[in-house]
Amino acid sequence: MPLLVLNFEEKGIDEADLPLVAYGDMLFDSPQIFGDKAEALGIICATCHNRSDIDNRFFIPGVSHRPGGADVDGGFFNAIFNDFQDDALDTPSLRGIRFTAPYGRDGRIASLREFTRNVIVSEFGGAEPTPFMLDALIAYMNEFDFLPNSKIDRFGELADRSDASVTRGEALFNAPFEGIAGKSCASCHVPATNFTDNRRYDIGSVNGNYDGSRGGQFDTPTLINVKYTAPYFHDGSLPTLGSVVDWFNSMYALGLEDGQRADLTACLETIGGADEPYERFDDKATPFALAFAELTTFATTLEALIPARDTFHANLMLDAVITDLRQDISAMGNRDRIDQVIELAVGLSAIRSAIDADNWDLAASEWQAFKIKKNRL
Ligand code: HEC
Ligand code: HEC
């Protein structure tokens, strides 16, 4: 499971104290925001953008061209939006998304908010999200940080030059090449700004890939954490970082020798690496404990939604959390606690019924009761 690095956690803030972010986190995990087909399949943002990263096991025949990719405007989820182009894209990581505008691999949309609305409504056939829902999703995604990598400093330069091959690779990364009109890799993948210049280019990566693929422009992808997001390019056509280097070498006649290509690849692996890429589990920190902490955090948004008497957003959250809590019970390692967790799900259902009956006082007292039970667990 990829490690999720959230900016507020690094600052020592608890998500339960950030209701907007917690609500966005919940929406990111909720099929209810999508149209019938995606909802029935249980598709959520996190299906493809797994813990802000990617999921290379995702594959739906007719939607994916290869694992980890999807033709998001192919009409499978929303017939009206079908562009009738066979133009599946490899799912991009959302780590550091606030630094990597514009959005869409082709950088066609400047605003993350507009992009996100488009994902929900056009691509997945969902109902128009409320402004609060979009605020929440954006607030949450803006917390996605890159995985820390102590091998590079904050200017994107090598923190330690003891590895000769990586150091030679860095020099090549910064060296101007005649074949790219005097540019270096670093001209577009600017080290000091997260290895992107936030601009769009046609670098010739579409030519000869497949019929009906998109126009040639893509925005420069960041190279931070790139080690974990194979395959590469918009269509996932290059399997390894070495093959990307080979591609540039032959496409732009860079004239790199075998050893130089190995050095440049080693540099990309270092720039694109991380101190700890995956979540670590042990006896206490189990997948269930993680899911349970998440769900109860989502529920804390009731602290704001009940006083506001916000039926719509409270019910949306409760439906998502109740369904997930019931599902997660099956993954519980500690079978002794099952009854208590079921009791919590029942508690949330009681809040849901109280809200349906427009009895906000009862909803408030059921919520207090829920918190007590939860803390006892
Ligand atoms: C079926 C897989 C899938 C699901 C589900 C999905 N996405 Fe994506 N996402 C993609 C693909 C593929 C792209 C590239 C699309 C493009 O370039 O137009 C993408 C692109 C993005 C981007 C732009 C990233 C960038 O670097 O430009 C954002 C932001 C995003 N998705 C957010 C979301 C949100 C929020 C949800 C849920 C509401 C979601 N996605 C659901 C596959 C998915
Ligand atoms: C003119 C700007 C530009 C230059 C110069 C450039 N790149 Fe890129 N790079 C891009 C763009 C745009 C893409 C996205 C291509 C695509 O998705 O089809 C890309 C993609 C990549 C990727 C794949 C990232 C991913 O997540 O799929 C890597 C790795 C990469 N470049 C490394 C390099 C190296 C190494 C050099 C120097 C030899 C270099 N780039 C030179 C603009 C540039």
Side-chain angles (χ1 to χ4, degrees), residues 24 27-31 33-34 38 41 43-49 54-55 58 60 63-64 68-73 76-77 87-97 100-109 112-113 115-120 123-124 126 129 133-134 137-138 140-141 144 169 172-175 177 179-181 183-189 195-197 199-206 209 213-214 216-223 225-227 229-238 240-241 243-245 247-249 251-252 254 256 264-265 267-268 271-272:
L27 293 175
F28 203 78
D29 286 348
S30 299
I33 63 173
F34 292 144
L41 285 170
I43 303 261
I44 55 178
C45 305
T47 304
C48 301
H49 304 286
I54 56 171
D55 187 345
F58 174 84
I60 298 184
V63 175
S64 309
D71 186 359
V72 281
D73 54 9
F76 181 85
F77 296 110
D87 54 1
L89 291 165
D90 192 49
T91 307
S93 166
L94 302 185
R95 283 180 173 141
I97 192 77
T100 61
Y103 301 106
R105 285 202 173 257
D106 55 4
R108 67 195 179 282
I109 299 184
L112 184 55
R113 191 182 176 92
F115 190 93
T116 301
R117 183 216 164 255
N118 188 59
V119 170
I120 297 173
E123 294 178 353
F124 293 97
M133 287 163 72
L134 285 178
L137 270 170
I138 303 308
Y140 176 58
M141 288 192 283
F144 291 166
L172 287 169
F173 190 82
N174 292 317
F177 288 108
I180 351 180
K183 286 190 179 189
S184 65
C185 310
S187 315
C188 298
H189 301 282
F195 294 88
T196 174
D197 58 357
R199 294 179 57 177
R200 312 166 58 177
Y201 301 95
D202 183 348
I203 60 164
S205 56
V206 165
N209 280 332
S213 55
R214 290 176 190 252
Q217 294 226 343
F218 299 97
D219 63 328
T220 310
T222 175
L223 301 181
N225 305 150
V226 76
K227 190 174 169 184
T229 56
Y232 302 105
F233 278 12
H234 64 285
D235 54 356
S237 55
L238 298 174
T240 59
L241 289 170
S243 62
V244 177
V245 168
W247 184 91
F248 276 102
N249 191 43
M251 183 75 183
Y252 290 100
L254 303 183
L256 298 174
L264 187 52
T265 305
C267 170
L268 290 175
I271 293 169

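The shown structure was predicted, so the numbers you read here are calculated from the model rather than taken from an experiment. Both ligands and their constituent atoms are indexed starting at 1 by order of listing. One is the number of the first residue; the rest follow in order along the sequence.
Separating the CG atom in Leu254 from the CG atom in Leu264 is a distance of 8.5 Å, to the nearest 0.5 Å. The structure places CG of Leu268 at 11.5 Å from NZ of Lys227, a figure rounded to the nearest 0.5 Å. The CD1 atom of Ile54 lies 5.5 Å from the OG1 atom of Thr229; values are rounded to the nearest 0.5 Å. Atom CG of residue Asp202 and atom CG of residue Asp106 lie 11.5 Å apart, to the nearest 0.5 angstrom. Taking CG of Leu94 as the reference point, atom OG1 of Thr100 lies at 8.0 Å (rounded to 0.5 Å). The structure places CE of Met141 at 10.0 Å from CG of Leu27, a figure rounded to the nearest 0.5 Å.
Taking every heavy atom of Leu94 and a limit of under 4.0 angstrom, the matching atoms of ligand 1 come to 22 (C), 24 (C), 28 (C), 29 (C), 30 (C), 32 (C). Those atoms of ligand 1 that come under 4.0 Å of a heavy atom in Ile43, given as number and element, are 5 (C). Atom numbering of ligand 1 starts at 1 in the shown order; those under 4.0 Å from a heavy atom of Phe58 are 1 (C). Residue-ligand proximity, Arg105 to ligand 1, at heavy-atom distances under 4.0 Å covers atoms 16 (C), 17 (O). The Leu241 neighbourhood of ligand 2 comprises atoms 29 (C), with distances under 4.0 Å to a heavy atom of that residue. Those atoms of ligand 1 that come under 4.0 Å of a heavy atom in Phe115, given as number and element, are 20 (C), 21 (C), 22 (C), 23 (C), 28 (C), 29 (C), 30 (C), 31 (N). Of all atoms in ligand 2, listed by their number and element, those nearer than 4.0 Å to a heavy atom of Val244 are 22 (C), 28 (C), 29 (C), 30 (C). If you number the atoms of ligand 1 from 1 as listed, the ones under 4.0 Å from a heavy atom of Met141 come out as 35 (C). Near Leu112, with a cut-off below 4.0 Å to any heavy atom, the atoms of ligand 1 are 29 (C). In summary, the atoms of ligand 2 found under 4.0 Å from a heavy atom of Leu223, numbered by their order in the structure, are 28 (C), 29 (C), 30 (C). The ligand atoms of ligand 2 that sit less than 4.0 angstrom from a heavy atom of Ser184 are 5 (C).
Judged by the shortest distance from any of its heavy atoms, Ile44 lies inside the 4.0 Å radius around the atoms of ligand 1. Residue Pro221 places a heavy atom less than 4.0 Å from ligand 2. Heavy-atom distances between Glu123 and ligand 1 stay at or above 4.0 Å for every pair. The closest approach between Arg108 and ligand 1 falls below 4.0 Å for a heavy atom of the residue. At least one heavy atom of Phe34 lies less than 4.0 angstrom from ligand 1. At a 4.0 Å cut-off, at least one heavy atom of Val119 sits close enough to ligand 1 to count as contact. Ligand 2 does not have Val245 within reach: every non-hydrogen atom of the residue lies 4.0 Å or more from it.
Checking Gly236, Cys188, Ser187 against atom 43 (C) of ligand 2, the nearest heavy atom belongs to Cys188. Distances from atom 15 (C) of ligand 1 to the heavy atoms of Leu89, Ile109, Asp219 put Leu89 nearest. Of the listed options Lys227, Gln217, His234, His234 places a heavy atom closest to atom 16 (C) of ligand 2.
Annotation: atom 26 (O) of ligand 2 to nearest protein heavy atom, Val226 CG2, 3.8 Å. The protein heavy-atom contact nearest to atom 25 (C) of ligand 2 is Tyr232 CD2, 3.8 Å. Atom 37 (C) of ligand 2 has as its closest protein heavy atom Cys185 SG, 1.9 Å. The nearest heavy-atom contact from the protein to atom 12 (C) of ligand 2 is Phe218 O, 3.4 Å.
Below 3.5 Å of separation, one finds no N or O of Thr229 facing any N or O of ligand 2. At a 3.5 angstrom cut-off on N or O pairs, Tyr103 does not count as close to ligand 1. Residue-to-ligand polar distances place Phe233 within reach of ligand 2: an N/O pair is separated by less than 3.5 Å. Considering backbone and side-chain N/O atoms, Tyr201 never comes within less than 3.5 Å of an N/O atom of ligand 2. In terms of N/O distances under 3.5 Å, ligand 1 is not approached by Phe28. Taking distance alone, with nitrogen or oxygen atoms compared against 3.5 Å, His49 approaches ligand 1 more closely than that limit.
For Thr196 (side chain) and Pro221 (main-chain N/O), no donor-acceptor pair under 3.5 Å exists by modelled atom type. A side-chain donor-acceptor contact under 3.5 Å links His49 to the backbone of Pro92. The backbone N or O of Gly68 lies less than 3.5 Å from a partner atom in the side chain of Thr91, making a donor-acceptor pair. Formation of a donor-acceptor pair under 3.5 Å by the Tyr232 side chain with backbone atoms of Val226 is found in this model. Side-chain atoms of Arg105 come within 3.5 Å of backbone atoms of Asp90 as a donor-acceptor pair (strictly under, hydrogens ignored).
Ser93 has its side chain out of reach of Phe144: every pair of non-hydrogen atoms, C-beta onward, lies at least 4.5 Å apart. Looking only at side-chain heavy atoms (C-beta outward), His234 and Val206 come within less than 4.5 Å of each other. For the pair Val119 and Tyr103, the minimum side-chain heavy-atom distance is 4.5 Å or more. A heavy-atom distance below 4.5 Å is not found between the side chains of Thr47 and Leu41. Contact check for Phe77 versus Ile43: side-chain heavy atoms found under the 4.5 Å cut-off. Arg108 places a side-chain heavy atom less than 4.5 Å from the side chain of Phe115.
Residue contacts with ligand 1, taken as heavy atom pairs separated by less than 4.0 Å, involve Cys45 via backbone and side-chain atoms alike. When heavy-atom distances to ligand 2 are checked against a 4.0 Å cut-off, Phe248 comes that close only through its side chain, counted from C-beta outward. The part of Ser205 lying near ligand 2 is the side chain, judged by heavy-atom distances below 4.0 Å.
Taking each heavy atom of Ser184 and Ala175 in turn, the nearest pair found is CB-O, 3.1 Å. Taking all atoms of both residues into account, the shortest heavy-atom contact from Thr220 to Tyr201 is OG1-CE1, 3.3 Å. Nearest heavy atom pair, residue Pro102 against residue Asp219, reads O-OD2, 2.8 Å.
Residue contacts to atom 8 (Fe) of ligand 1: Cys48 brings no N, O or S atom closer than 2.8 Å. Put simply, His189 gets within reach of atom 8 (Fe) of ligand 2, with an N, O or S atom under 2.8 Å from it.
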